[in-house]
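A quick write-up on the structure given underneath.
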Amino acid sequence: MKKSRLRFIAPIAVITALALSGCSNSNLGGTADADPAAEAGPIKIGAVLDVTGVGASLGVPEQNTLTMLAKQLNADGGIGGRDVELTIIDNQSTEDGAAKATSKLIESDKVDLIIGASRTGPSLAMRPIAEAAKIPMISVAANVAIVKDSEWVFKTAQNDVVVLERILDDAEAKGYTKLALVRDATGFGEGVADYITELGAERDITLVMTESFEPSATDFTPQMTNVRGSDADAVIIWGINPSAGLAQKAYVQLSVNKPVYHSHGISNQAFFDAAGDAANGVVAPMGRLLVADQLAADNPQRTVIEQFKADYNEAYGEQPSGFAGHAFDAWHIAVNAIEAAGTDPAALRDELETAQWTGISGVFKMTAKNHSGLDASALILAEAEDGRWNLLKD
Amino acid sequence: MFTDFLQLTVAGLSQGSVYALLAVGLIAVYTVRHVINIAQGEFAMLAGLGSAWLTASGMPLFLAILVAILTVTLVAIAMERLIIARVKKLTPLTSIILTLGVSTLLQAIMLLVWGPEAKGVPLFPGTNILIGGVSIRSQEFWMIGALVVVGGGIVLFYEKSRWGKALRACAEQPVAARIVGISPVAASVLAFAIAGFVGAVAGVVASPIYLSLWSGGVLLGLKGFVAAVLGGFVSFRAAIVGALLLGMIEAYVAGYVGSGLRDGAAFLILILVLVVRPQGLVLKPTAVRV
């Protein structure tokens, strides 16, 4: 070919190729048409987890759990003979990482359901994307804002409001009237001060001081010094590990000497690793997983919990944390719903809204209005002693 | 009120000691080689993670720390020999990009080997004391002590010992130093070894309280950089003073203004120094280095 001709053809060819590839990805129909071939192919479940970054102590066990459960399920024949394809993407504990991962899962991987993220901030970033695409999403993070007034988003971690109820009930019983709060500065800690004020109003408890810390923080001297100087009767530290554990360590080292509660964000071994001896005496609400051996023999959750602990220990050589339990519940709730209703998004969402599941995080009863399905009975109060949790109040 | 101020000051001094050690490492390398070592923070994290892993595997604490510090020193020397020394025309910009690459490489290795979760060395022996309402942790004594011993030692080395003076000669008058017989290769290796050693000490001594993480070196290195700028990137003493001040200002900002603004304080100081007084805290701005 003559050089001048080639000069025209080459760019036109490139542009055509790009345009064609662009067209094939987007859904020109606008709605998710039921593709007959998809009904027989694998069921696709996507997961966006905080595997690296500040949420790693949550994301890694969740990743382990989902991988293990997907393997088990496929070995048992999948769902109705169809294999389940699990795609896990690490959002690096960032909000935009989570948003990008969600878009990718929905648009290129074409998943039927998404599980994630491990923490509140990324989950909130994922929520609008799932809702716009009308794909059901099950989060494993704490803040009730994730599911408030949502049509498509559910969650399996206990709501922060419910956790605070347990803490404030205990504080009221012990006669504390003034509380100080040291909270995670991200979405997980967002709104906690308001909930405490609200719930405290009914119990004659006021919030006298709020301090915050980044989840990546390692020095807590300023916050703990301020708390020490306040007139609070008790302190609530609201964060995840390692920052919550380090905060507890600083709390003890700076001789704050006030009773302290933590959130359910510390329900893993990393708390003891970070806080060491300083963890002794900490009271926190959490699911029943970490005190499974102290539950009554007829507790409905006991069988599920012990089976999970055995399976996880066999697969990974260590005990699972409460967060692994949230992922376990999300998976089973999702799989049960898909078994009953198939993969059509609207039917799946409707089925999820009626989900009932006795799981690790609690006994779930989802409804159209309540996409969390758990109330205060899902939590127990535990006290830390020498590297283990003792059941205080069921 | 006053006890709070003292409490924050103590925290600031111990954090500042870590920054000071890193700044010493940065300046040591820069004065001899005109290389801004972006990987300085990673030396600290590498030593911290390494010693945490060794103690978890059963090695006694001080042996583990020694092994970790020695290993990181060797890594620094390897970095110099294998990467820095091979570049013929080393401008500060090239050096930044090169060391940034090394920093990324080290971070990836640390992530692969030790995973994404933070790990800490067990607390060094000692007891916490409570003076007049101010609680001082034993580890903070170790951190400040490390600065006094190691940082002070490096300063004395540069000023009193023969090799130290040889390094200063290389920095001030590279050509004349070569003529006199001071090997530029040896000087370069020694400078990087010092940087690795000092960074490792900082990482190991801070690890029990602040934990070591694969990605923690970036912010730490940047704070060390700010401290080095406060020293005009030439003076060890000014950098040490600057680092201690930086630590204290960060603690005050976090305590009195808001803890979210803590890191911002460091960078605000950086901008102010570069704009208003580029020679930092150095009293006599001279053309002579070190």
Side-chain angles (χ1 to χ4, degrees), chain A residues 49-61 63 90 92-93 182-186 189 210-230 240-243 245-247 249-257 268-270 273-278 321, chain B residues 1-15 18 52 56 107-108 111-112 115-120 122-123 128-130 133-140 206-216 218-220 247 250-263:
Chain A
L49 299 171
D50 306 37
V51 180
T52 58
V54 295
S57 67
L58 280 60
V60 171
Q63 183 186 50
D90 172 19
Q92 299 174 337
S93 299
V182 183
R183 67 164 184 99
D184 180 307
T186 67
T210 309
E211 291 280 331
S212 70
F213 58 89
E214 288 295 319
S216 55
T218 51
D219 178 50
F220 297 87
T221 315
Q223 294 91 333
M224 295 309 169
T225 309
N226 287 340
V227 166
R228 188 170 71 180
S230 77
I240 59 170
N241 295 316
S243 49
L246 291 176
K249 211 159 153 186
Y251 188 84
V252 169
Q253 282 166 345
L254 290 168
S255 310
V256 180
N257 285 335
N268 55 16
Q269 183 59 32
D273 293 337
D277 285 333
S321 66
Chain B
M1 256 278 76
F2 189 56
T3 44
D4 287 356
F5 177 77
L6 283 179
Q7 186 73 65
L8 292 173
T9 310
V10 169
L13 283 174
S14 57
Q15 272 261 267
V18 177
Q107 284 181 55
L111 177 60
L112 274 172
E117 298 186 34
K119 305 210 183 336
L123 280 170
N128 305 335
I129 59 175
L130 193 64
V134 178
S135 157
I136 309 182
R137 292 170 278 190
S138 60
Q139 194 65 30
E140 290 175 320
S207 183
I209 326 190
Y210 296 126
L211 299 189
S212 313
L213 185 62
W214 66 279
S215 56
V218 180
L219 196 57
L220 198 55
E250 275 192 351
Y252 299 144
V253 166
Y256 294 127
V257 182
S259 39
L261 298 169
R262 170 197 212 113
D263 292 335

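Every chain is numbered from 1, with letters handed out A, B, ... down the list of sequences. The basis for the numbers below is simple: all heavy atoms, side chains too, and nothing from hydrogens, waters or symmetry mates.
- Neither the backbone nor the side chain of A/D273 comes within contact range of chain B; no heavy atoms are under 4.5 Å apart.
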*Using the side-chain contact (heavy atoms from CB on, under 4.5 Å) rule, take B/R262 and A/D219 through it: C-alpha gap first, then chi angles, then the decisive distance, then the call.*
CA-CA 10 Å; B/R262 170 197 212 113; A/D219 178 50; 3.0 Å; yes
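- Within the 4.5 angstrom heavy-atom criterion, only side-chain atoms of B/L130, from C-beta onward, approach chain A.
- For A/T221 (side chain) and B/L8 (main-chain N/O), no donor-acceptor pair under 3.5 Å exists by modelled atom type.
- Residues A/P222 and B/A251 come closest through the heavy atom pair CG-O, 3.9 Å.
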*Which is it for B/Q7 and A/R228 under the side-chain contact (heavy atoms from CB on, under 4.5 Å) test, yes or no, and what are the steps along the way?*
CA-CA 11 Å; B/Q7 186 73 65; A/R228 188 170 71 180; 3.1 Å; yes
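- Ranking A/A185, A/S212, A/P242, A/G229 against chain B, the residue ahead of the rest is A/S212, based on heavy-atom pairs under 4.5 Å.
- B/R137 is not listed as a side-chain neighbour of A/L254, based on a closest heavy-atom distance of 4.5 Å or more.
- Although no hydrogens or angles enter the test, the distance criterion places a donor-acceptor pair under 3.5 Å between the side chain of A/N226 and the main chain of B/G255.
- Only the side chain of A/L246 comes within less than 4.5 Å of a heavy atom of chain B; its backbone N, CA, C and O stay farther away.
- Nearest heavy-atom pair across B/Y210 and A/T218 is O-CG2, 2.9 Å.
- Only the side chain of A/Q223 comes within less than 4.5 Å of a heavy atom of chain B; its backbone N, CA, C and O stay farther away.
- With a 4.5 Å cut-off on non-hydrogen atoms, A/V51 touches chain B through its backbone but not through its side chain.
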